[in-house]
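Encoded as structure tokens, the structure appears first; notes follow it.
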Amino acid sequence: RCKDFSLCYWNPYWMLPSDVCGMNCFWEAAFRYGPKVQPIERMHLAVVACGERLEETITMLKSAIIFSIKPLQFHIFAEDQLHDSFKGILDSWSFLQTFNYSLYPISFPSENAMEWKKLFKPCASQRLFLPLILKEVDSLLYVDTDILFLRPVDDIWSLLKKFNSTQIAAMAPEHEEPRIGWYNRFARHPYYGKTGVNSGVMLMNMTRIRRKYFKNDMTTERMRWGDILMPLLKKYKLNITWGDQDLLNIIFFHNPESLFVFPCQWNYRPDHCIYGSNCQEAEEEGIFILHGNRGVYHDDKQPAFRAIYEALRNCSFEDDHIRSLLKPLELELQKTVHTYCGKIYKIFIKRLTKSIQDRYDRPPKER
Ligand SMILES: *[C@@H]1O[C@H](CO)[C@@H](O)[C@H](O)[C@H]1NC(C)=O
Ligand SMILES: *[C@@H]1O[C@H](CO)[C@@H](O)[C@H](O)[C@H]1NC(C)=O
Ligand SMILES: *[C@@H]1O[C@H](CO)[C@@H](O)[C@H](O)[C@H]1NC(C)=O
Ligand SMILES: *[C@@H]1O[C@H](CO)[C@@H](O)[C@H](O)[C@H]1NC(C)=O
Ligand SMILES: *[C@@H]1O[C@H](CO)[C@@H](O)[C@H](O)[C@H]1NC(C)=O
């Protein structure tokens with residue numbers, strides 16, 4: 001039908017002679033010379049779900065979606081029997097159009113997979129391999145399943161831009177109070193800083209992790225990420241207690257210039273209030289990311305943590321629902337003041353209240 005494809009008409013298509021298939025020069029030129037149309041950057045969030053962690057993981061993802069502004073891309077590593085459930089629930093949320101997701105089996109990088117298998121427990125160590133498995137992804141926020149976002153993922157994501165030239169990852173200290181710290185009292189291996197770091201919320205520039213040569217205590221040579229893990233585990237496997245978190249502590253002990261340490265309110269755990277409050281930043285600005293480790297969302301030991309979890313688990317994406325989540329939650333929290341964490345329940349909802357408010361103040365199309 002077309003005599004000539006190469007003709008360029010400064011005309012709308014409908015005014016072209018019927019036998020030419022011209023290019024629309026106006027738009028073509030506009031794209032060529034105009035400001036580059038940048039695709040919106042997605043924030044990459046990874047989680048590893050094994051065992052009975054479906055509901056918890058879904059609640060975490062929901063909290064990420066509710067408050068975040070830029071689109072999210074989830075990388076969900078899950079045991080095979082959980083895949084159908086994840087797919088069913090996440091597909092039912094696809095109308096939101098603010099996220100997409102990929103589901104992966106629990107796996108090792110294809111190189112040396114057999115050797116990895118012999119040494120590493122797949123579920124527990126999956127996160128260490130993310131830079132090697134998600135080769136195309138520049139940066140990633142890894143979180144445990146028992147995390148709840150009380151402010152937009154965008155806010156922690158923006159810390160990536162604060163990294164200086166040697167920093168490759170960011171985590172919070174394992175403890176604020178050395179007297180109840182674990183690493184400084186019990187560890188039989190090196191660890192980062194005064195009290196070690198907690199890996200439940202870990203921001204990574206994986207491009208840099210893949211490029212870096214790491215100092216270590218096994219050879220005088222520096223080693224790449226993919227080469228350091230196996231010898232490290234071989235050396236320390238009898239001395240480590242918390243698995244991959246311990247390996248990360250050993251690595252950053254030897255490479256302290258590579259770690260960005262963010263304050264405790266980005267990874268707030270029962271340890272921060274169980275014997276009295278010791279996370280000062282959270283007292284001032286509220287909790288940003290809640291980390292209900294040791295199963296506190298599911299038992300009665302720390303009812304303040306559980307109340308936040310249940311409120312987010314129960315709420316839907318409807319605006320009214322989210323807005324009306326606070327009142328009953330505060331009533332629930334007031335019942336927890338017999339615990340040390342409950343005594344300071346206001347810091348549990350301080351930032352959350354603002355996040356909910358901000359969500360309504362944002363123009364709707366941005367979402
Ligand atoms: C999610 O969106 C990004 C950006 O549009 C795209 O590159 C990626 O392939 C998508 N992933 C899935 C699993 O659809
Ligand atoms: C493991 O712990 C033991 C006992 O504390 C210590 O003697 C040994 O040096 C440790 N091993 C390594 C590799 O640090
Ligand atoms: C990660 O580091 C690479 C290499 O330094 C850099 O090009 C990239 O912009 C960084 N990513 C982010 C999100 O800052
Ligand atoms: C980056 O910050 C870390 C932690 O404060 C520090 O140890 C390191 O020297 C800094 N790197 C540069 C190049 O300034
Ligand atoms: C959440 O829902 C459960 C069951 O549907 C209910 O028992 C519980 O009271 C609700 N909790 C909150 C905090 O709304």
Side-chain angles (χ1 to χ4, degrees), residues 36 38-46 64 68-75 119-120 130-143 152-174 181-198 201-220 222-226 228-264 266 281:
K36 272 226 182 81
Q38 292 239 337
I40 298 175
E41 183 202 20
R42 273 178 187 262
M43 303 180 291
H44 293 262
L45 179 70
S68 295
I69 302 161
K70 282 202 289 291
L72 286 156
Q73 178 148 8
F74 298 141
H75 301 271
L119 280 171
F120 288 85
L130 297 177
L132 308 174
I133 295 175
L134 302 173
K135 287 198 185 80
E136 311 297 315
V137 179
D138 169 70
S139 293
L140 184 76
L141 176 62
Y142 167 88
V143 294
V153 173
D154 306 60
D155 297 338
I156 187 164
W157 191 256
S158 70
L159 298 181
L160 284 167
K161 295 287 171 217
K162 301 226 165 107
F163 283 15
N164 68 24
S165 61
T166 51
Q167 286 165 331
I168 64 172
M171 286 182 267
E174 169 69 18
W182 195 90
Y183 285 113
N184 54 295
R185 290 187 297 157
F186 306 118
R188 293 182 293 143
H189 59 75
Y191 54 88
Y192 177 88
K194 283 203 178 70
T195 59
V197 282
N198 182 282
V201 180
M202 182 178 180
L203 191 60
M204 295 181 254
N205 182 321
M206 300 200 299
T207 304
R208 293 186 180 185
I209 292 180
R210 286 184 290 256
R211 280 186 196 159
K212 187 177 166 72
Y213 287 83
F214 292 85
K215 286 169 272 174
N216 62 82
D217 59 1
M218 294 165 299
T219 70
T220 51
R222 295 181 174 218
M223 293 164 102
R224 305 292 285 261
W225 189 260
I228 202 172
L229 297 174
M230 212 180 300
L232 203 58
L233 186 65
K234 281 186 178 154
K235 174 162 182 181
Y236 284 105
K237 70 178 164 195
L238 298 177
N239 285 32
I240 60 182
T241 308
W242 307 106
D244 50 349
Q245 176 172 300
D246 295 343
L247 295 186
L248 290 167
N249 267 290
I250 298 170
I251 291 174
F252 287 108
F253 169 83
H254 293 293
N255 301 271
E257 75 290 347
S258 295
L259 191 68
F260 180 105
V261 179
F262 49 66
C264 43
W266 293 102
E281 288 89 344

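Each ligand, and each atom within it, is numbered from 1 in the order the structure gives.
- In the vicinity of Arg211, heavy-atom distances shorter than 4.0 Å reach the ligand 3 atoms 4 (C).
- In terms of N/O distances under 3.5 Å, ligand 3 is not approached by Thr207.
- Closest non-hydrogen pair, Phe214 versus Ile251, comes out as CD2-CG2, 3.8 Å.
- Not one N or O of Glu41 is nearer than 3.5 Å to an N or O of ligand 3, by distance alone.
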When you pair each N or O of ligand 4 with protein N or O atoms, which pairs come out under 3.5 Å?
from, atom 1, to, atom 2, distance (Å)
ligand 4, 2 (O), Asn164, ND2, 2.3
ligand 4, 2 (O), Gln167, NE2, 3.2
ligand 4, 11 (N), Asn164, ND2, 2.9
ligand 4, 11 (N), Thr166, OG1, 2.8

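- Residue-ligand proximity, Ser139 to ligand 3, at heavy-atom distances under 4.0 Å covers atoms 11 (N), 12 (C), 13 (C).
- Interface atoms of ligand 2 facing Lys235, defined by a heavy-atom separation under 4.0 Å, are 13 (C).
- At distances below 3.5 Å, at least one donor-acceptor pair connects side-chain atoms of Ser68 with backbone N or O atoms of Val153.
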### Task
Test Tyr192 against Phe252 for ring-ring contact (aromatic ring centres under 6.0 Å, His included), laying out the working first.
CA-CA 6 Å; Tyr192 177 88; Phe252 287 108; 7.1 Å; no
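- For Asn205 (side chain) and Arg208 (main-chain N/O), a donor-acceptor pair under 3.5 Å exists by modelled atom type.
- Between Asn239 and ligand 2, a contact under 3.5 Å exists for at least one N or O pair.
- In this view, Tyr236 satisfies the ring-ring contact (aromatic ring centres under 6.0 Å, His included) rule with no residue, not counting sequence neighbours.
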Please table the atom pairs, donor to acceptor, closer than 3.5 Å between any side-chain atom in residues 158-165 and protein atoms at least two apart or in another chain.
from, atom 1, to, atom 2, distance (Å)
Ser158, OG, Asp155, O, 2.8
Asn164, OD1, Thr166, N, 3.0
Asn164, OD1, Thr166, OG1, 3.0
Asn164, OD1, Gln167, N, 3.2

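- Salt bridge status for Arg42 with Glu136: absent, with no side-chain N to carboxylate O gap under 4.0 Å.
- Remark: His189 pairs with no residue by the side chain to side chain donor-acceptor pair (under 3.5 Å) rule, at least two apart or across chains.
- Thr195 and Asn184 share no donor-acceptor pair across their side chains, judged by distance under 3.5 Å alone.
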